[in-house]
Structure formats: C-alpha cells, structure tokens
Amino acid sequence: MNNISDFLVIGSGAAGLSYALKVAQHGKVTLITKSTLEESNTQYAQGGIAAVTNNADSFEKHVADTLLCGAGICNEDVVRMVVKEAPAQIQQLIDWGAQFDKSADGSFDLAREGGHSEHRILHNKDSSGAEIERALTAAVRAHQNIEIREHCFAIDLITQHHLGQMVRRYHTNIDCYGAYVVDLKTNKVETFLSKNTVVATGGIGNVYHTTTNPPVATGDGIAMVYRAKGVVENMAYVQFHPTALYIGNERPSFLITEAMRGFGGILRTQDGNELMNKYDPRGSLAPRDVVARAIDNEMKLRGDDFVYLDVTHKSASEIEKHFPMIYQKCISLGIDITKQMIPVAPATHFICGGIRVNPNGQSSIAHLYAIGEASCTGLHGANRLASNSLLEAVVYAHKAAQDTLHNLRRVSIRTDIPDWDYEGTSYPEEMVLITQNYKEVQQIMSYYVGIVRSNLRLARAFNRLGIIYKETEALYRRSTLTQSLCELRNLIQIGYLIIKEAMALRESRGLHYSIDFPPK
Ligand SMILES: Cc1cc2nc3c(=O)[nH]c(=O)nc-3n(C[C@H](O)[C@H](O)[C@H](O)COP(=O)(O)OP(=O)(O)OC[C@H]3O[C@@H](n4cnc5c(N)ncnc54)[C@H](O)[C@@H]3O)c2cc1C
C-alpha cells in the first residue's frame with residue numbers, strides 16, 4: 001500500500017521539524033526518521049545559534065565574519081539572505097517554545113565563539129540543540145496534520161529511473177515522486193509518494209572513526225540524491241572539531257564546546273605548555289580549522305593521543321553555571337574541570353558540502369528539496385563559522401516551505417510507481433561482512449583523508465575504497481535489506497565523494513589542507 005502526502009519530510013532535526021511545522025496547516029505532512037524523533041545532530045548541539053540581536057552588532061559584521069571564515073567561496077548573496085533572515089527565524093523558534101538564556105536586564109545572554117567579531121550566539125546553557133529539539137518535537141507531536149513515522153529508514157528516492165527511464169546528472173528533467181522507506185520494525189519496504197520531498201537527513205560524521213555526530217549521521221540523504229543523479233558539491237570541506245573529550249573509544253565523542261575557549265579556556269600540551277601561541281596570534285581563540293591542525297600536528301610530533309583544555313584558572317562557580325552539562329559529564333568520568341585539565345582531541349564534526357540547492361532549498365531534481373546539514377547552500381563556503389549551521393537549518397526550512405507552498409497547487413502525485421523490487425535479495429549475510437567493511441571505511445577516511453591530506457594518501461584511500469565498494473555492491477544485490485547494509489553503502493558513497501573532490505583540488509583552502517599544495 002502506498003503512503004500519500006503533500007509533503008514528505010525525511011529527517012527530524014532542526015531542519016526537518018521546522019519545515020514540517022511551517023507547511024502543516026496547508027496539507028498532509030509525513031515525517032519519517034530512522035531512529036526516535038529526537039535523535040539527530042541537532043540534539044547534541046551545545047554552543048547555540050548565531051544571529052544579530054543587539055545594537056552593538058550589525059548584519060554587516062555577521063556577513064563579514066561568515067565570508068572571512070568561508071575562505072573565498074561562500075555565496076555572498078546567500079550569506080546576506082541568511083544573516084538578515086536570522087532574527088525572524090529565531091523569533092519563530094521562540095514562538096514554538098524554545099527558550100534562550102537571558103541576562104538580568106532581559107536581553108539575550110549572548111556568547112561569543114571563534115571567528116565571531118561580536119557576542120551573537122543565543123544559547124540555552126550548554127544544551128542549546130536539545131532545547132531547540134525539545135520545543136520542535138513537542139510542537140510536531142501536537143500537530144494533527146503531521147504523521148510521524150519513527151524507526152523508518154529512507155533507502156532511495158523515486159524518480160523516472162524507477163519507471164524504466166534513463167536519468168542523467170546535470171540534466172534538468174529529473175523529477176522526484178517520493179521515496180522507498182523500510183519500516184525497521186516490520187522490515188517491509190513501503191512506497192511513500194508525495195508532491196514534495198524534503199531531504200533533511202543531516203551530516204556524515206560516521207564516515208570517520210572519531211566523530212561528535214551520533215550514529216544516525218551516515219550521510220544517507222546526500223548518498224540518495226547522488227544515486228538519483230542529483231548534484232552534490234563541496235564535499236572536500238569536512239570540519240573537524242578541535243576539542244572533543246578524549247576518553248578512549250567512546251562513540252560519539254562528547255563535544256567540549258568552542259564556547260569554552262571563548263570563556264577563556266587555554267589549550268596545553270600534555271607537559272602543561274601553552275599550545276596555540278606558536279601557531280596563531282589569536283592563541284586558543286583561533287578558528288577551528290587552525291586549532292584542529294595545530295593540535296593534530298602537536299599530537300603527531302609528540303606521539304600523544306590528546307592535549308588538554310584548561311579552565312582551572314576560571315571561577316569554579318562560573319564554570320558550573322555556564323557549562324553544567326560538560327561539568328557533569330566530566331565529573332561522571334572522575335574529572336573535576338574546575339581543578340583538573342580536560343583531555344581533548346579533534347573529531348569529525350560537520351560537512352560544509354552536500355546536496356546543491358538554490359536559495360529556496362530546491363535541489364537539481366524537481367520537487368526535491370534539501371535543507372540543513374545535508375544541503376550545500378553556499379553559506380559556509382570552505383569553512384563553517386561556529387553556530388551558523390542551526391541558523392542555516394531553520395532559515396532554509398523557512399525558504400523551502402515558502403517555495404513548496406507557492407507551487408503546491410501546480411504539483412500532482414504520480415501513482416504509477418512500482419513497489420520495491422525484492423527479487424534476488426533473499427540471502428541474509430553474516431553481520432561481520434558489514435561491520436568489518438564499516439570499520440575499514442572509517443579507518444581509510446581517518447588515516448588518509450583527515451585534517452591534513454596529500455596526493456599519495458588520497459590516491460591510496462581512493463583505491464582501497466574502490467575494493468570495498470565492489471564487495472558491498474555485490475552484497476547489496478544479493479542480501480536481504482538491513483539498515484546497517486544501507487548505511488555502509490551510503491558511507492562508501494560519501495567517502496568516494498569526499499576523496500574525489502579533494503583529489504580535484506589543486507590548493508589548500510579552508511578545511512581542505514594538502515601538504516602538496518600548501519597555503520600561499
Ligand atoms: C555535538 C555537536 C555540537 C554542535 N553544536 C552546534 C552549535 O552549537 N551550533 C550550531 O549551529 N551547530 C552545531 N552543530 C551542528 C548542528 O547541530 C547541525 O548541523 C544541525 O543540527 C543539523 O540539523 P539538521 O536538521 O540538518 O540534521 P540533524 O539534526 O542531524 O537531523 C537529521 C535527521 O535525519 C534522520 N535521518 C538520517 N538519515 C535518515 C534516513 N535514511 N531515513 C530517515 N531518517 C534519516 C536522523 O535520524 C535525524 O533525525 C553541532 C553538531 C554536533 C554533532
């Protein structure tokens with residue numbers, strides 16, 4: 001049986017949930033998500049959301065900071081649009097119930113993060129994402145036009161390809177009719193048809209071994225769109241957060257927010273010496289990519305697995321007040337951060353690239369939108385400014401909602417779509433074939449396509465990944481469908497896109513740093 005709706009939303013982070021709420025009074029929304037409604041990158045965001053909300057700041061300053069961070073390849077029109085739209089979309093979040101910390105005088109208690117020239121980060125203590133997700137999920141659950149399907153995994157987008165027609169990348173005539181989705185409780189693949197399909201599937205962190213992203217971040221949406229012959233770009237620009245808590249193999253890595261360096265935290269090598277001064281005049285407040293490379297270099301030089309972030313010189317009560325979640329997390333591990341330094345190491349955090357979209361969030365495929373981290377809007381360029389990603393998610397949810405509503409009457413639902421073809425896929429594989437390849441992909445990406453790259457490392461990664469690709473495609477064709485097999489396939493696709501684009505770059509820029517093309 002087909003599921004039919006006006007709007008099919010895949011993903012329940014800040015982007016998918018806000019979009020669903022914006023369109024719900026105009027038609028039926030089906031919201032599918034592969035885990036629980038809350039599980040998402042959004043849920044783990046700590047620092048907050050950037051917006052100009054006071055007179056000391058200005059749109060021009062926020063634009064300039066974003067452009068500078070983006071290293072020359074941001075789309076300036078998009079940056080201006082997002083920055084100007086920010087206050088209205090923050091107000092929308094507040095209207096939906098999100099709360100941001102305020103000072104005694106009633107104004108927002110704004111934080112400052114690396115790369116920002118002003119205090120402009122709205123936050124809720126150090127659990128800003130969880131607060132946004134709490135408010136949005138509550139509003140979505142209360143809306144009668146939104147059908148929520150948790151534990152449903154989108155496998156592939158439906159286009160003319162499924163009607164036996166040829167589709168080609170960069171051709172403008174590809175049309176999206178919905179998606180094939182496996183209900184993980186029944187293991188049945190269902191056909192979801194819709195006038196508009198919105199990919200809001202978030203990031204790709206799990207393509208690397210160490211990441212701050214939860215296990216759901218496997219780049220599914222980007223891989224699906226690429227398979228459907230949509231255009232994907234800027235994938236070489238992967239952001240590594242410099243300060244994830246180092247406690248061996250914990251996954252995901254717990255983030256120590258950048259706001260802690262903004263608060264006065266100092267990075268030190270294991271012998272206690274200040275780390276950043278010899279790398280950048282801004283010291284520990286240098287931008288993320290600079291700090292991540294410096295830490296990576298010191299760790300490699302010294303053979304250390306981690307460095308320290310030190311806030312012991314700050315007031316204990318202020319630490320507990322501003323960073324209650326981090327304080328409690330560290331206490332649970334026996335580290336009192338008011339007296340002891342925090343062991344940290346870089347971890348994969350964010351992808352600047354993704355599904356190419358226009359200023360309304362529309363992809364290169366008709367009736368297919370991409371919003372949030374899965375998309376490439378032109379806002380981040382080669383490097384993301386801290387706290388601009390939640391902002392991008394809510395602004396583009398708004399833009400995509402406006403565009404889909406504008407066109408809604410002109411779109412009809414195509415019903416002649418074949419059911420999912422199970423033929424030849426009845427053989428349950430040993431899990432080890434999947435899990436071992438999953439680990440190998442992560443190792444290849446971490447060792448050869450990490451913070452510092454070279455032609456040789458990229459070529460080696462490309463060849464190794466090619467072998468795993470062939471094995472996995474053969475496995476996919478003959479095996480019964482499982483979530484882990486689909487995710488493995490998607491991660492290989494993401495790895496391929498990152499490597500291919502990195503190999504094509506003949507320069508170091510933003511987050512892509514190659515020793516063969518050092519910065520001029
Ligand atoms: C630890 C951490 C801290 C961060 N801190 C900040 C911060 O302070 N400020 C900031 O601006 N940004 C921050 N970021 C980045 C920011 O959180 C994300 O970029 C943003 O939340 C992305 O929102 P989204 O809605 O696009 O995706 P997500 O919030 O990741 O949501 C994606 C959704 O898609 C679902 N999904 C994925 N694949 C499928 C599939 N195949 N089928 C069905 N459902 C699927 C997932 O389950 C999830 O519900 C942080 C990220 C992390 C990990």
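Residue indices begin at 1 and follow the sequence shown. Just so it is clear, the structure is predicted and the values come from calculations on it, not from any experiment. Both ligands and their constituent atoms are indexed starting at 1 by order of listing.
Under the 3.5 Å distance criterion, the side-chain polar atoms of Ser194 are left unmatched by any main-chain donor or acceptor of Gly178. Listed for the Asp175 side chain is no donor-acceptor partner under 3.5 Å among the backbone atoms of Ile365.
Taking 4.0 Å as the cut-off between side-chain N and carboxylate O, Arg293 and Asp289 count as a salt-bridged pair.
Among all non-hydrogen protein atoms, the one lying nearest atom 1 (C) of ligand 1 is Tyr44 O, 3.5 Å. The shortest contact between atom 19 (O) of ligand 1 and any protein heavy atom is with Glu373 OE1, 2.6 Å. Of all protein heavy atoms, the one closest to atom 12 (N) of ligand 1 is Ser389 OG, 2.7 Å. Shortest contact from atom 45 (C) of ligand 1 to any protein heavy atom: Lys34 CG, 3.8 Å. For atom 20 (C) of ligand 1, the closest non-hydrogen atom of the protein is Thr42 OG1, 3.9 Å. Of the protein's heavy atoms, Asn213 ND2, 3.4 Å lies nearest to atom 53 (C) of ligand 1. Annotation: atom 6 (C) of ligand 1 to nearest protein heavy atom, Ala45 CB, 3.4 Å. Given atom 42 (N) of ligand 1, the protein heavy atom at minimum distance is Ala154 N, 2.9 Å.
Atom CG in Asp220 sits 8.0 Å away from atom SG in Cys486 (nearest 0.5 Å). Considering SG of Cys376 and OH of Tyr237, their distance stands at 10.0 Å, rounded to 0.5 Å. If you take CG on Leu485 and CG on Asn437, they are separated by 10.0 Å, rounding to the nearest 0.5 Å. Atoms CG and OH, from Leu368 and Tyr177 in turn, are 12.5 Å apart once rounded to the nearest 0.5 Å. The CG atom of Leu481 lies 4.5 Å from the CD1 atom of Ile155; values are rounded to the nearest 0.5 Å.
Within the structure, the closest approach of Ala200 to ligand 1 falls below 4.0 Å when heavy atoms are considered. The shortest separation from a heavy atom of Ser128 to ligand 1 is not under 4.0 Å, leaving the residue out of contact. Ligand 1 lies out of reach of Pro214, whose nearest heavy atom is not under 4.0 Å from it. Residue Thr33 places a heavy atom under 4.0 Å from ligand 1. Distances shorter than 4.0 angstrom occur between a heavy atom of Arg384 and an atom of ligand 1. Under a 4.0 angstrom heavy-atom cut-off, His349 registers as being in contact with ligand 1. For Gly48, the closest heavy-atom approach to ligand 1 falls below 4.0 Å. Within the 4.0 Å heavy-atom shell around ligand 1 one does not find Gly129.
Contacts with ligand 1 closer than 4.0 Å are made by heavy atoms of both the backbone and the side chain of Thr212. Residue contacts with ligand 1 for Cys486 are absent, since no atom lies close enough (heavy atoms, distance under 4.0 Å). The proximity of Ile10 to ligand 1, defined as any non-hydrogen pair under 4.0 Å, is limited to the side chain. Here Glu39 has backbone heavy atoms under 4.0 Å from ligand 1, and that is the only part of it that gets that close.
Below 4.0 Å from some heavy atom of Phe350 lie the following atoms of ligand 1, by number and element: 19 (O). Less than 4.0 angstrom separates some heavy atom of Phe153 from each of these atoms of ligand 1: 41 (N), 42 (N). Here is the list of ligand 1 atoms found below 4.0 Å of a heavy atom in Asp220: 38 (N), 39 (C), 40 (C), 41 (N).
When the side chain to side chain contact (heavy atoms under 4.5 Å, CB included) test is applied to Tyr469, the partners found at least two apart in sequence or on another chain are Glu473, Ile492.
Remark: of the listed residues Ile494, Thr218, Val441, Val216, Thr218 is the sole one forming a side chain to side chain contact (heavy atoms under 4.5 Å, CB included) with Asn206.
At least one cation-pi condition fails for Lys195 and Phe7: the charged atom is not both under 6.0 angstrom from the six-membered ring centre and inside a 45 degree cone around its axis. Remark: Lys102 qualifies as a cation-pi partner of Phe108 under the 6.0 Å distance and 45° angle criteria applied to the six-membered ring.
Inclusion of Glu113 in the set of residues having an N or O under 3.5 Å from an N or O of ligand 1 is not warranted. Taking any N or O of Leu390, backbone or side chain, at least one lies under 3.5 Å from an N or O belonging to ligand 1. Between Ala15 and ligand 1, at least one N/O pair is under 3.5 Å apart. For ligand 1, one of its N or O atoms has an N or O atom of Ala14 under 3.5 Å away.
The ring pair (Phe, Tyr, Trp, His ring centres under 6.0 Å) analysis of residues 369-399, with sequence neighbours excluded, yields the pairs Phe350-His380.
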- Task: Would you sort out whether Ser18 and Leu21 count as a side-chain contact (heavy atoms from CB on, under 4.5 Å), showing the intermediate values?
- Result: CA-CA 5 Å; Ser18 332; Leu21 287 168; 5.7 Å; no
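The ring of Phe192 has its center no closer than 6.0 angstrom to the ring center of Tyr180.
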